[in-house]
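Written below as structure tokens is the structure these notes are about.
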Amino acid sequence: MTPYAAGTGIGWFGVVRLGTVQAAIGAMVMLATSLLNRVMVVEFAIAAAVPAGLVAWHYAVQLSRPLWGHKSDRSEKRSSWIMAGMGILALGTLIAVDATIMMAGAGIFAIILAVLGFSLIGLGVGMAGTALLALLASRVAVERKPAAAAISWTMMVAGIVVAAGVSGSFLDPFSEARLAIVTSMVVLVAFCVAMLALRGLERNSLPVKQGKNSETKANFTEVLKDISQDQQARRFTYFVFISMLAYSMQDLILEPFAGFIFGMTPGESTQLAGVQHSGILLGMLVAGLGGSLYAKYFGRNEKLWIIIGCLSSAVMLGALSIAAAVGPAWPLKANVFGLGVANGIFAVAAVGAMLGLASDGSASGEGARMGVWGAAQAIAFGAGGLLGAVIVDLLRGTMADDSNAFQIVFVVEGAMFILAALVATGTSMARRELNGKAVQI
């Protein structure tokens with residue numbers, strides 16, 4: 001990467017603009033992983049394993065994140081990689097929509113086209129998302145990083161919610177033509193908004209400081225070797241994988257849990273998912289605002305917020321295991337809302353820690369490190385939901401007791417969050433400058 005003089009970095013409006021790009025990414029990914037999943041299974045009566053496999057494949061493709069991050073490190077502008085990734089994501093989403101419509105009839109070509117579409121979706125998300133986080137890491141002042149992480153992730157969730165609401169309202173009555181038109185409009189708007197948000201952003205700001213890796217000419221193999229030999233980076237990778245695995249295991253079992261144990265209807269369980277996401281948004285805001293205020297008066301300490309989020313998540317999952325035994329008398333909505341708040345605190349604190357640790361490399365730059373952690377997260381997300389569902393199914397079949405099956409899975413998830421907190425305690429997630437020398441805190 002071409003060296004820059006030290007600057008003040010991106011201001012709050014710039015952070016919001018990058019958050020808008022995250023919202024655009026979330027909106028397009030929602031179409032592929034949620035809307036098309038439902039259309040394939042419900043409207044076209046396709047086996048659920050098909051969309052599940054396609055979603056898992058799009059996560060597998062994101063293992064390329066370290067490569068794209070490294071290339072953005074050596075590029076004149078990271079925004080070029082974000083724009084390219086957004087274009088690939090948009091194209092992949094449209095191809096996936098076309099493939100889904102073709103699945104209404106028989107033919108292997110539709111499946112092949114769907115694999116291509118989801119491959120491009122994974123490629124685009126990996127390229128754009130990694131470069132975007134690297135840009136945040138290098139252009140946002142230290143004291144602003146917790147709030148920047150909260151803004152970025154909150155806007156991504158908001159993008160998902162808005163796109164889901166808008167597409168859902170215009171899809172009825174359902175038809176293949178309506179599906180094509182509505183999704184195409186969502187993709188077009190999301191892509192155009194992202195391009196407008198990125199216009200001139202990087203040109204009009206300078207890195208917060210001249211990083212020691214800014215002029216690196218190390219090749220990709222040397223960069224990966226440098227990251228693997230860095231104890232803090234390696235330990236943080238373990239933390240990301242364990243915590244995100246625990247985070248995603250509940251995705252596919254919470255609504256079935258509400259149905260089997262609490263007798264909720266599909267509509268009621270869907271509302272329960274909305275309660276959880278409301279809690280996640282609140283937790284993100286609490287972690288962002290609280291982390292920034294804490295950093296202002298006491299110095300950065302994302303480790304503290306990560307541990308609070310992980311342990312709180314473990315407590316709430318433990319409460320859900322009790323709920324499985326108690327049944328309908330348990331305040332399930334309050335419990336799920338609390339789990340959402342804890343998850344939101346943990347998620348934003350983890351992203352804030354990524355932004356801080358990303359600049360601590362030598363041969364590796366911000367993009368390469370973000371890529372490695374993004375790949376770990378993608379593996380965990382791809383495996384977590386499937387693992388949780390498989391374990392519940394196996395336990396329900398062997399134990400013939402739904403409550404015990406869910407209890408065991410929730411306890412396992414809670415234990416994984418505790419393990420993640422223990423791993424985090426050994427990771428330095430912030431550095432403070434003292435007399436010109438970096439000191440671990």
Side-chain angles (χ1 to χ4, degrees), residues 24-69 81 84-132 156 160 163-164 179 183 186-187 190 237 240-241 244-245 247-253 370-391 393:
I25 293 174
M28 285 193 270
V29 172
M30 182 282 302
L31 294 177
T33 60
S34 181
L35 176 60
L36 296 186
N37 172 63
R38 183 237 150 80
V39 170
M40 288 182 198
V41 176
V42 179
E43 274 70 25
F44 296 156
I46 296 169
V50 173
L54 290 170
V55 171
W57 173 244
H58 113 280
Y59 281 121
V61 173
Q62 291 184 50
L63 293 177
S64 61
R65 277 178 176 263
L67 176 61
W68 307 126
W81 290 93
M86 293 300 294
I88 293 172
L89 172 58
L91 176 61
T93 304
L94 294 176
I95 291 175
V97 171
D98 290 339
T100 300
I101 293 173
M102 292 173 61
M103 287 180 187
I108 190 64
F109 182 71
I111 301 296
I112 296 174
L113 194 64
V115 172
L116 172 61
F118 276 81
S119 298
L120 292 176
I121 290 169
L123 186 64
V125 171
M127 185 182 297
T130 302
L132 189 150
M156 182 179 71
I160 294 172
L179 174 65
T183 52
V186 171
V187 169
T237 304
V240 169
F241 178 78
M244 292 301 176
L245 189 65
Y247 181 85
S248 60
M249 277 183 69
Q250 62 193 280
D251 283 352
L252 298 181
I253 67 171
M370 284 295 184
V372 169
W373 297 328
Q377 176 179 311
I379 296 172
F381 266 44
L386 180 62
L387 184 62
V390 168
I391 293 175
D393 285 343

Identify every side-chain donor-acceptor pair in residues 25-35 under 3.5 Å, counting partners at least two apart or on other chains, and give the distances.
residue : atom : partner : partner atom : Å
Thr33   : OG1  : Val29   : O            : 2.9

side-chain contact (heavy atoms from CB on, under 4.5 Å) between Phe118 and Val61, intermediate numbers included: CA-CA 9 Å; Phe118 276 81; Val61 173; over 6 Å; no
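- With sequence neighbours left out, the side chain to side chain contact (heavy atoms under 4.5 Å, CB included) criterion links Ile112 to Ile108.
- Taking each heavy atom of Ile95 and Leu113 in turn, the nearest pair found is CG2-O, 3.5 Å.
- The salt bridge (Lys or Arg N to Asp or Glu O under 4.0 Å) contacts involving residues 39-67 comprise Arg38-Glu43, where partners must be two or more places apart or lie in separate chains.
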Intermediate values then yes/no, side-chain contact (heavy atoms from CB on, under 4.5 Å), Ile111 and Met103: CA-CA 8 Å; Ile111 301 296; Met103 287 180 187; 3.7 Å; yes
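- Shortest non-hydrogen contact noted between Ala24 and Met86 is CB-CE, 3.8 Å.
- Listed by first then second residue, pairs satisfying side-chain hydrogen bond (donor to acceptor under 3.5 Å, both in side chains) with a partner in residues 372-391 read Thr237-Trp373, not counting sequence neighbours.
- The stretch residues 114-129 participates, sequence neighbours left out, in no salt bridge (Lys or Arg N to Asp or Glu O under 4.0 Å) pair at all.
- Considering only residues two or more places apart in sequence or on other chains, Ser119 meets the side-chain hydrogen bond (donor to acceptor under 3.5 Å, both in side chains) condition with Trp57.
- Rounded to the nearest 0.5 angstrom, Leu120 CG and Leu91 CG are separated by 5.5 Å.
- A distance of 7.0 Å separates OG1 in Thr100 from CD1 in Ile46, rounded to the nearest 0.5 Å.
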CA sep, side-chain torsions, deciding dist, call: Ile379, Tyr59, side-chain contact (heavy atoms from CB on, under 4.5 Å): CA-CA 7 Å; Ile379 296 172; Tyr59 281 121; over 6 Å; no
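- Closest approach of Ala90 to Val187, counting heavy atoms only: CB-CG1, 3.6 Å.
- The two residues Phe109 and Met102 come nearest to each other via the heavy atoms CD2-CE, 3.1 Å.
- Heavy atoms only, all atoms of each residue included: Val240 and Ala376 are closest at CG1-CB, 4.2 Å.
- Closest of all the heavy-atom pairs between Trp81 and Met127 is O-CG, 3.6 Å.
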